[in-house]
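Reading through the structure tokens given below for one structure.
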Number of protein chains: 2
Amino acid sequence: MARGGKKTTNTAETLPANTRALGGRAKITINDIARLANVSKKTVSRVINESPLVRQETREKVKAIIAEHGYAPDPQARALAFRRSFLVGMIYDNPSPQYVVNMQRGILDVLADTSFQLVLHPCERSEATFKQKIHTFVSQQKPLGVILPPSVSEDDTLAEMFEELGCEYVRIASVELDAPSRMVRTHDAEGAAQAARHLASLGHEKIAHIHGPKTFRSAHERMAGFKAGLKEHGLSLRKKWTVEGAYTFDSGVQCAEKLIYSDARPTAIFTGNDEMAVGAYQAVRKAGLRVPDDISVVGFDDTPMAARVWPPMTTVRLPIREMGQAAASLLLKEPVEKAGSELVSFTPEIVVRESAASPAKS
Amino acid sequence: MARGGKKTTNTAETLPANTRALGGRAKITINDIARLANVSKKTVSRVINESPLVRQETREKVKAIIAEHGYAPDPQARALAFRRSFLVGMIYDNPSPQYVVNMQRGILDVLADTSFQLVLHPCERSEATFKQKIHTFVSQQKPLGVILPPSVSEDDTLAEMFEELGCEYVRIASVELDAPSRMVRTHDAEGAAQAARHLASLGHEKIAHIHGPKTFRSAHERMAGFKAGLKEHGLSLRKKWTVEGAYTFDSGVQCAEKLIYSDARPTAIFTGNDEMAVGAYQAVRKAGLRVPDDISVVGFDDTPMAARVWPPMTTVRLPIREMGQAAASLLLKEPVEKAGSELVSFTPEIVVRESAASPAKS
DNA sequence: CTGAAAGCGCTTACAG
DNA sequence: CTGAAAGCGCTTACAG
């Protein structure tokens, strides 16, 4: 048995002092495993990285010793040698906390049993240093990949930057912006069309829409789908009933108030997301009116909040957590496996609760 | 000028091929800075790490060259040499998404302009592998430190584990569990007492409390404070009006229904957190009753949701984001600086909105 | 105050 | 299928 370390002058007693971690017991390394298995560290490395170039027998022997000693390779050392860390970044500017937390959960579901960690990188597209900060983040941390929910996902120049930096990415968006292996697509237009059909079939004609910011592609998609749905019923979205919000609660309140206090008050409002829908609820109530008796409200996303407000909100469900899972799965798969596979996509579906009813006869 | 690299046989033209990152331009390293500044790499290292053992003149020269070339040391290489990464972990089991997202924001506020990254580590205290997973996370990733919101923060054996692993930690809790340098303390009892005083002064006598799970110290603190507040007004919390929830919306609905359909219906409910308060709203409405006309509801936390429900909720505000900031600041400060400083603490304050009113005369 | 040597724990590139 | 050498980009430990 080759028991000699590289420093043959060190006795077994003097070695541990060098190898003890801060306050911990001596940490086992690839060298220990190699010595115990009577192979080179390179072979251990091959086993760790699942290289096919290892004899079955050798592989099993090494694996057994790894398991026996509970050895796990050091992520920092691997990162340095690989020039790539074991981190997955989530880069986001979405203002809805529910959206953010659900997506995190989805990603974490997939990362849970891997050696990858989720690192958060919030940002502001309006900041001048927006891209530079992301560039610094990626070139410093060298994550395996990044996951981009809207609206960050919609920025093509950002995608090019990741490409140049050799960083994998998955874009979650309502438009097919990239190769299938880099996309999780949501059919927002179809979801919005369902909302339109629902309101139209309840008998509404005075229908308003509070859409998200123009900088979000989803805002355009949802509006377009909504218009298409109305058209099927011979209706159209009037300009005076089309208001731009910011996907935030406060903007929902303000936009809904604009509609409520206009000369021609609509009987139904479809909002670009649930946050704004809850804002609309607030405005309706402040005005002494009721949902849905006086004004019907339909949201988008089906965040947990939608079922918790009163009346429970009719909204279009986007499976955000599952989308996060899908994005993380795409990132972790080998390029070979996902090549040729079709696009991963999700079609939202309307969840009918109690915030939309037939308009009062007036 | 010493222009020779270590491989003097390489010409300037052949070097870049070795030093190019995946798809990127040649990356500048500590060796380049050392060569350009005409000092050893060790001296550059000293400047990076702000060692006082560098002559002012030398320091400035090196700093200028670092700035000129936009050099930033490689975090993975530093982590390997330091045996400590540039990550900050947030280890949490709090079921409230709003709480989680607000705390993340607070932490990120502080980490934003540093070289530290926030890594998420959700967990389940009920799982058998709970501690083992955290142990693996910490010993693998070697974060600079971890931030522990309740209820993870309340586990003393966990704190000991971090100590043994040589990992810094900050515990956010409603009880003084640790040294001031490792604690962000919240005076939950005082906040709950304010809720009690408020309800008592409105004239309520039949007052119920839906508290959080017994595994959360905050649940005990809030209940104790609430009882103390009631006592000041000659009131006491009756056992039949004391129900244990799980800090979740659903448990709030169930517990409130138990109270509503009991023989003796209370006129006011104080819940251990806002999630459960919103659940109580739901139960009240399902029963055909109104908040606050039939039953007053007071929450705890003042998450964004509290102001968005109808009627806007009276609740006890805990500055969660600021608590996250405080915890991150504690973690990043040098041990010397924070030693001797007093305990960082936050006292919650009641926010009076519209969900609590005087009970109807019956 | 400064530097040359050795090392952190892995992988790449090369050779057999 | 396997291994010895060199290297990833930093810091520690030691010497001056």
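The chains referred to below are lettered A, B, ... by the order of the sequence lines, with proteins before strands, and numbering in each begins at 1. The figures here come from the full heavy-atom set of this structure, side chains too, leaving out hydrogens, waters and symmetry mates.
- Counting any heavy atom pair closer than 4.0 Å across all strands shown, A:Asn31 reaches no nucleic acid atom.
- Per the geometry, NZ belonging to B:Lys27 stands 7 Å off P belonging to D:dC10, to the nearest Å.
- Residue B:Asp74 contributes atom CG, which lies 14 Å from atom C1' of D:dG7 at whole-angstrom precision.
- The side chain of B:Lys42 lies closest to C:dA4, out of C:dA4, C:dC1, C:dC10.
- Around the CD atom of A:Glu68, the shell of radius 6.0 Å holds more than 12 heavy atoms that belong to other residues, nucleotides or ligands.
- Summarising the geometry, the separation between NZ on A:Lys41 and P on C:dT11 is reported as 10 Å, rounded to the nearest angstrom.
- No hydrogens or angles were tested; on distance alone, a donor-acceptor pair under 3.5 Å links the side chain of B:Arg46 to the base of C:dG3.
- Looking at B:Glu124 and B:Asp93, their side chains never come closer than 4.5 Å, going by heavy atoms from C-beta outward.
- As a whole-Å value, the separation of B:Arg78 CZ from C:dG9 P is 18 Å.
- A residue-by-residue look at B:Arg59 and B:Ala81 shows that B:Arg59 has its nearest nucleotide of DNA chain C further toward the 5' end.
- Contact annotation: A:Thr43 side-chain N/O to D:dG3 OP1/OP2 distance is under 4.0 Å.
- You'll find that the side chain of A:Arg83 is closest to C:dT12, out of D:dC10, C:dT12, D:dC1.
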